[in-house]
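These notes are about the structure you will find just below.
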Number of protein chains: 2
Amino acid sequence: MRRSNLALVLRHLGARGSRSRAGIAADTGLNKATVSSLVAELVDRGLVREGEPHRAGAVGRPGKDVALDGRCVGGIGVEVNVDYLTAVVLDLTSTVLFEQRVALDVPSLPPEDVLDAVAGLTSRAIRECERRDVLPVGVTVAIPALVDVAAGVVAFAPNLRWRDVPVVRGLADRLTGPLAEHPMPIRVANDANLAALGEHAMGGVAGTADLVHLTGGMGVGAGVISGGRLLGGAEGFSGEVGHIQLDPAGHECGCGRRGCWETLVGMAGMLRLAADADDPVSDPALGLDQRLDMIRCRAETGDRRTLDALERVGAGLGVGAAILINFVNPRAVVLGGYFACLGPYLLGPMRAELRARVIAPDIGGCRVELSTLGFAAASRGGANAALEAVFDDPAIVPIRSAARVSATGSG
Amino acid sequence: MRRSNLALVLRHLGARGSRSRAGIAADTGLNKATVSSLVAELVDRGLVREGEPHRAGAVGRPGKDVALDGRCVGGIGVEVNVDYLTAVVLDLTSTVLFEQRVALDVPSLPPEDVLDAVAGLTSRAIRECERRDVLPVGVTVAIPALVDVAAGVVAFAPNLRWRDVPVVRGLADRLTGPLAEHPMPIRVANDANLAALGEHAMGGVAGTADLVHLTGGMGVGAGVISGGRLLGGAEGFSGEVGHIQLDPAGHECGCGRRGCWETLVGMAGMLRLAADADDPVSDPALGLDQRLDMIRCRAETGDRRTLDALERVGAGLGVGAAILINFVNPRAVVLGGYFACLGPYLLGPMRAELRARVIAPDIGGCRVELSTLGFAAASRGGANAALEAVFDDPAIVPIRSAARVSATGSG
DNA sequence: CCGGTTAGTCGGTCGGATCAACGAATCGCG
DNA sequence: CGCGATTCGTTGATCCGACCGACTAACCGG
């Protein structure tokens with residue numbers, strides 16, 4: 001019970017921002033004395049800090065604000081993608097403490113080599129935590145794949161050419177040293193799911209309890225937050241929306257069928273619409289980032305062909321998103337990945353299509369927004385997922401007695 | 001804390017069936033003494049009963065099983081549909097205490113008249129509760145409509161020709177008498193959503209935490225249970241899957257577009273495939289039940305035309321359901337409404353289509369099953385939703401001291 | 001009849017939430 | 001400047017309720 005009350009107070013501070021003890025008591029319904037005791041314990045654990053003596057304005061004794069103190073714990077998020085790895089460390093306030101990106105041609109390497117690289121990056125993140133005297137509380141790996149979350153196994157990742165790769169076990173085996181010093185859970189999840197979690201935790205729609213996040217890459221991935229919780233599915237295989245067949249007479253798809261959503265709005269489909277085969281944009285030797293930049297440039301200069309292509313992609317987004325919105329009625333749809341880069345050109349036609357196709361009046365009260373995290377959403381989501389452990393049970397963070405300045409904390 | 005522990009024990013008994021106090025303690029991690037005290041309180045509240053002295057078989061003193069005792073509380077579920085109203089009272093063990101169906105041509109009546117009839121049926125259900133000395137704990141109305149659950153308003157119900165009907169308020173106004181005696185919450189929700197809840201609570205897939213329920217009627221409705229909770233959406237507008245456009249070149253739909261899912265698998269679409277306009281089955285003067293019976297008869301006698309039609313409907317079910325399964329990765333898809341009647345003829349082609357279209361290996365571990373509740377699922381789900389209040393907080397049921405036999409209970 | 005084993009209850013203990021009252025800090029006002 | 005009013009946070013007393021150990025109850029097999 002103590003635990004759940006500690007969690008209640010910590011969550012409240014995280015969600016609603018800092019406030020006085022009396023304010024917390026009023027909001028949560030707990031007793032003032034109880035809140036005082038809980039806050040004291042959270043301070044001892046380094047999770048919470050006493051802030052400014054509230055600027056006086058009203059009558060009465062001004063309270064001292066209590067605020068989340070990130071500096072004691074860190075969540076680690078790692079993203080494995082087709083051509084890079086990213087690791088990020090976030091503190092409790094979702095501030096970035098460390099971020100590193102490594103180029104890596106994942107599909108051309110055996111999974112073991114990739115796991116070596118992931119382990120290297122992760123231990124660098126852990127060392128950075130140690131250097132800052134921050135307790136690492138968990139690692140979450142985001143992968144564009146069907147992930148069996150419970151087993152910690154990547155079942156199938158066509159873009160990486162992986163099948164049945166035991167990521168959690170592989171990583172744990174490679175990190176025995178750091179893990180012995182800082183025991184913490186390792187998890188794997190689908191990147192689109194984690195991106196949704198990232199937007200929910202710290203994006204432009206932070207705090208929205210019901211949202212759908214669409215990640216635009218070579219394919220399209222979806223993540224759903226419903227009632228404030230990630231919809232993971234029975235096996236963790238949720239969010240596979242790329243092969244929704246919008247038009248049986250459409251363009252051929254890698255899956256063998258025609259007219260899948262991603263043939264219309266995936267990066268390849270967008271490029272096909274925007275440029276002929278002999279156009280420099282279609283040169284596969286260039287990186288995707290560069291080709292994307294070229295497209296944006298052309299759009300900005302008003303190139304007709306490009307604008308038409310983006311309009312069709314936007315409309316395609318609307319057609320597919322309408323299906324999802326009708327199904328789960330989110331409060332917001334967030335466009336991430338490459339959609340975010342080209343957002344201004346996609347939003348108009350997408351919204352028009354939604355207005356026409358969503359059954360509920362006024363698109364069911366659903367907003368369409370661009371991701372503020374962009375390609376970083378998945379790793380942020382992973383780090384936040386790791387931090388959830390602290391919000392669930394603040395008592396996992398040890399008490400550092402009274403000493404505030406402890407350079408080489410032994411706890 | 002006491003409350004949450006009471007709820008914990010009651011939920012456990014509901015989900016896992018009756019067992020001894022020691023068994024409950026072992027399962028929940030609570031102390032034996034604590035469980036004894038909690039069970040005693042639940043017995044006082046009439047929610048739980050001491051059963052048979054466990055048939056001895058092993059060594060040691062045999063424990064006395066504790067079981068859910070339904071007989072003290074009742075949840076009321078009311079369904080409003082195109083041509084009938086249904087009310088049902090379920091006790092805590094999901095046993096039917098009362099069930100009544102009234103024919104009513106809803107679209108031809110003003111909503112006020114329909115609400116009068118609903119109120120009449122509901123108060124009959126409440127009187128039945130009184131007669132049995134059962135405490136009614138809530139009313140949930142299931143309606144085939146876009147329902148703003150929070151506001152208790154039907155936003156839009158094309159089949160009923162309703163728009164912005166304040167059902168909760170209307171019903172509360174008409175039930176002031178009974179409600180004064182038994183204060184209880186009234187709620188409205190979408191019928192497909194509640195049907196999913198019904199299957200989850202007491203259907204063939206009872207206890208499955210992640211499932212999708214498809215209701216086949218004139219349209220198609222979906223309900224999603226994810227992580228054991230109903231996915232209601234931000235405004236309660238979830239489950240509108242009937243107008244997923246499977247083929248832009250398909251048959252015309254009432255919504256103005258072509259090739260919507262319900263043109264393929266809705267009852268009208270099925271009948272169109274199975275019979276020409278001059279066929280007796282196509283006679284709109286007959287009730288839907290009768291026409292459905294005729295179709296089933298023909299299928300049973302091996303009529304080629306009918307079997308071909310049902311095969312196409314089954315395949316269409318698979319095409320649409322694949323989209324939903326890829327999106328939310330349920331453990332089971334339950335076919336309800338008219339799909340359940342014709343299930344044997346639909347399942348084969350549906351499963352074949354799913355195997356081809358679901359991305360996750362082995363259909364993501366998703367089973368396809370026929371509803372065991374059929375058309376009753378929505379009202380059962382509503383009654384169960386009302387009973388949730390008791391499982392959430394058993395303390396809402398008053399203590400009836402020691403007296404067991406109280407004909408006219410004043411509590 | 002007696003040890004062995006498991007079920008349920010009883011009295012004591014203790015963690016921790018609540019309550020009431022008090023000291024602390026600020027404002028408005030005379 | 002002093003005083004009441006007001007709100008904040010803490011302190012000591014109280015009490016609820018979960019936990020623990022020990023006991024009795026009820027069955028088994030020999």
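All of these numbers come straight from a predicted model, not from anything done at the bench. The basis for the numbers below is simple: all heavy atoms, side chains too, and nothing from hydrogens, waters or symmetry mates. Chain naming here is simple, since letters A, B, ... match the order of the sequence lines and numbering starts at 1 in each.
When all heavy atoms of B/Gly63 and B/Ser20 are compared, the pair lying nearest together is CA-CB, 4.3 Å. Residues A/Ile24 and A/Leu13 come closest through the heavy atom pair CD1-CD2, 3.9 Å.
Separating the CD atom of A/Glu50 from the P atom of C/dA24 is a distance of 16 Å, rounded to the nearest angstrom. Atom P of nucleotide C/dT18 and atom NZ of A/Lys32 are separated by 13 Å, given to the nearest angstrom. One atom, CZ of A/Arg21, and another, C1' of C/dA17, lie 17 Å apart when rounded to the nearest Å. Atom CG in A/Leu6 sits roughly 16 Å away from atom P in C/dG15 (whole-Å rounding). One interatomic measurement links the two molecules: CZ of A/Arg61 to P of C/dA25, which rounds to 6 Å at whole-angstrom precision. Taking atom NZ of residue A/Lys64 and atom P of nucleotide D/dG9, one finds them 8 Å apart after rounding to whole Å. Taking atom CG on A/Asp65 and atom P on D/dC8, their separation rounds to 11 Å, with Å as the unit.
The backbone N or O of A/Ala383 lies less than 3.5 Å from no partner atom in the side chain of A/Thr140, so there is not a single donor-acceptor pair.
Tested against A/Thr122, the residues A/Leu179, A/Leu175, A/Val141 include a single side-chain contact (heavy atoms from CB on, under 4.5 Å) partner, A/Leu175.
Taking a 6.0 Å sphere around CZ of B/Arg367, one finds it holds more than 12 heavy atoms contributed by other residues, nucleotides or ligands.
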Extract from the structure each pairing of a protein N or O with an N or O of nucleotides 17-19 of chain D at less than 3.5 Å, listing the distance.
unit_1	atom_1	unit_2	atom_2	d
D/dA18	OP1	B/Asn5	ND2	3.4
D/dA18	OP2	B/Arg2	NH1	2.6
D/dC19	OP2	B/Asn31	N	3.1
D/dC19	OP2	B/Thr34	OG1	3.1

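With respect to the salt-bridge test (charged N to carboxylate O, under 4.0 angstrom), the residues B/Glu199 and B/Arg380 do not qualify.
Nucleic acid contact for A/Ser36: base, since at least one base atom lies under 4.0 Å from a heavy atom of the residue.
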